[in-house]
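Inspection log for the structure reproduced underneath, given as structure tokens.
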Amino acid sequence: MLVKGRLLTPRGLIEGCMKVEGERIVRISRLGERDPQTYDFGGKLVLPGLIDMHVHLRDFDLSYKEDIKSGTSAAAAGGFVAVADMPNTKPRVDSLEVLKWREEIARQKALVDYGFYVGVGRLEGTEKLALGLKVFMPQEYYSGQREKTLRSIEYAEGHGMLTVVHAEDPSLGETPEAEAHAIREICGLGLRRLHITHVSSRAGHSQIRGATCDTCPHYLLLGGSSPPHSKVHPSIKGREDSEYLLQAVRRGGIQAISSDHAPHLPEEKAEGAAGFPGLETSLPLLLTLVNKGELSLERLVSAMAEQPARILGLKRLGSLEEGKYASFTVVDLKAESVIRPEEFRSKSKLSPFEGWKVRGLPVATFVRGKPVMLEEEVVGEPGWGKNLKFL
Ligand code: DOR
Ligand code: ZN
């Protein structure tokens, strides 16, 4: 297979073609190669496949909110080749037994590649199937499970697993100080592989030591406002926080951007549920910033592909290079649209970004050589996605 377009490679933008054999990239060149099976994307950009390192695919007993098929369809539509799924499911993913069960389901339902985090619990053996441990400090560390949390962290560290932390101290409410205090405390443990997820404030970010971090589009774009459906934990802070966080993304002080895709039903949102879907809005929102000159395309690709791959230890994803998987995202930087939640593939058809005008859209997503989204149609099949630990 041959892919033609403007390819964003570690050597810069190459107008040329990418030769794919099976699941891998075998050559990238400016030469006019030929192949009976050619995808010619013309002037469109071919980016390394985007990776969302923080999503809630639900499934199990919460399949009415989202399941692995609908969630990974949303990922394919949004330009993501891989997603990393959080363990606050029903039942929780907090043992090898539940993790094996989830793997069994994902193997049949996933359209894109997937990874799992395991929650605080019995971690023995989970390093084989999970990318890392997720610590939810408000309900674990700060709610009477400090010792249990520390034991899980110790296990993760001892087995080379990444520890991803939702850092908030609920005794300080939903303030920047609540985030700052928790981040200082967790960084104080001196872990080798620590990642602070969805950083929402300047105060919080300023406390990070010896850890990587991500933020989300809503913290970059909604500071100081509270449109319908925008309730989320951590809360959205002020305008200055958004400006600070965007600057930190530009400078690389925030390495990654995740969506924190958190689907709920409208009636659950009305009753106070926190979170909203983000897989189908993240890339258009951020490409809009690129078009406005507020974020460089290189930083976007770093935050959404290269760095997530590096942080998660995915050696064959994250860049377009010979030998890597042919997992890539094609974008039309000029295409304009309006965010319409009723058109989401996610089961959760609501968004605080409803009605926003965006410029820059994903037009194709390929996972290991196979198209899963083409011209905005999801064409992938459940069962193609693989556990990132097995790649
Ligand atoms: O807003 C949130 N929603 N924050 C979380 O930490 C959990 C998430 C969810 O699972 O809905
Ligand atoms: Zn989350």
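Order of listing sets the numbers, starting from 1, for every ligand and every atom in it. It should be emphasised that the depicted structure is a prediction, and the values quoted were computed from it without experimental measurement.
Counting the atoms of ligand 1 from 1 in the order shown, those under 4.0 Å from a heavy atom of Gly275 are 1 (O). Those atoms of ligand 1 with a heavy atom of Phe136 less than 4.0 angstrom away are 6 (O). Heavy-atom contacts of His166 reach the following atoms of ligand 1: 6 (O) (cutoff under 4.0 Å). Less than 4.0 angstrom separates some heavy atom of His56 from each of these atoms of ligand 1: 8 (C), 10 (O).
Among all non-hydrogen protein atoms, the one lying nearest atom 5 (C) of ligand 1 is His233 O, 3.9 Å.
When only interatomic distances are considered, the shortest N/O to N/O separation between His264 and ligand 1 falls below 3.5 Å. Taking only nitrogen or oxygen atoms, main chain and side chain alike, Ala274 reaches within less than 3.5 Å of ligand 1. Considering backbone and side-chain N/O atoms, Asn88 comes within less than 3.5 Å of an N/O atom of ligand 1. At least one N or O atom of Arg58, backbone or side chain, sits closer than 3.5 Å to an N or O atom of ligand 1.
Other residues, nucleotides and ligands contribute only 12 or fewer heavy atoms inside 6.0 Å of the CD atom of Glu97. When the shell of 6.0 Å around CZ of Arg122 is examined, it contains 12 or fewer heavy atoms from other residues, nucleotides or ligands. Shown here is Lys69, whose NZ atom has no more than 12 heavy atoms of other residues, nucleotides or ligands within 6.0 Å.
The Zn ion (ligand 2) forms the vertex of an angle spanning NE2 of His54 and NE2 of His56; to the nearest 10 degrees it equals 110°.
Counting just the N/O/S atoms of Asp260, the one with the shortest distance to the Zn ion (ligand 2) is named OD1.
Residues Tyr155 and Glu127 have side chains that bring a donor and an acceptor to within less than 3.5 angstrom of each other. Judged purely by distance below 3.5 Å, without hydrogens or angles, the side chains of Glu66 and Ser346 pair a donor atom with an acceptor atom.
Contact annotation: His233 places no N, O or S atom under 2.8 Å from the Zn ion (ligand 2).
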**OP:** Please step through ring-ring contact (aromatic ring centres under 6.0 Å, His included) for the pair His56 and His261, ending with a clear verdict.
**Re:** CA-CA 6 Å; His56 298 265; His261 179 83; 8.5 Å; no
**OP:** Show your working on ring-ring contact (aromatic ring centres under 6.0 Å, His included) between Phe276 and His264 and close with a plain yes or no.
**Re:** CA-CA 7 Å; Phe276 41 82; His264 296 287; 9.3 Å; no
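Phe136 and Tyr141 have their aromatic ring centers separated by at least 6.0 angstrom.
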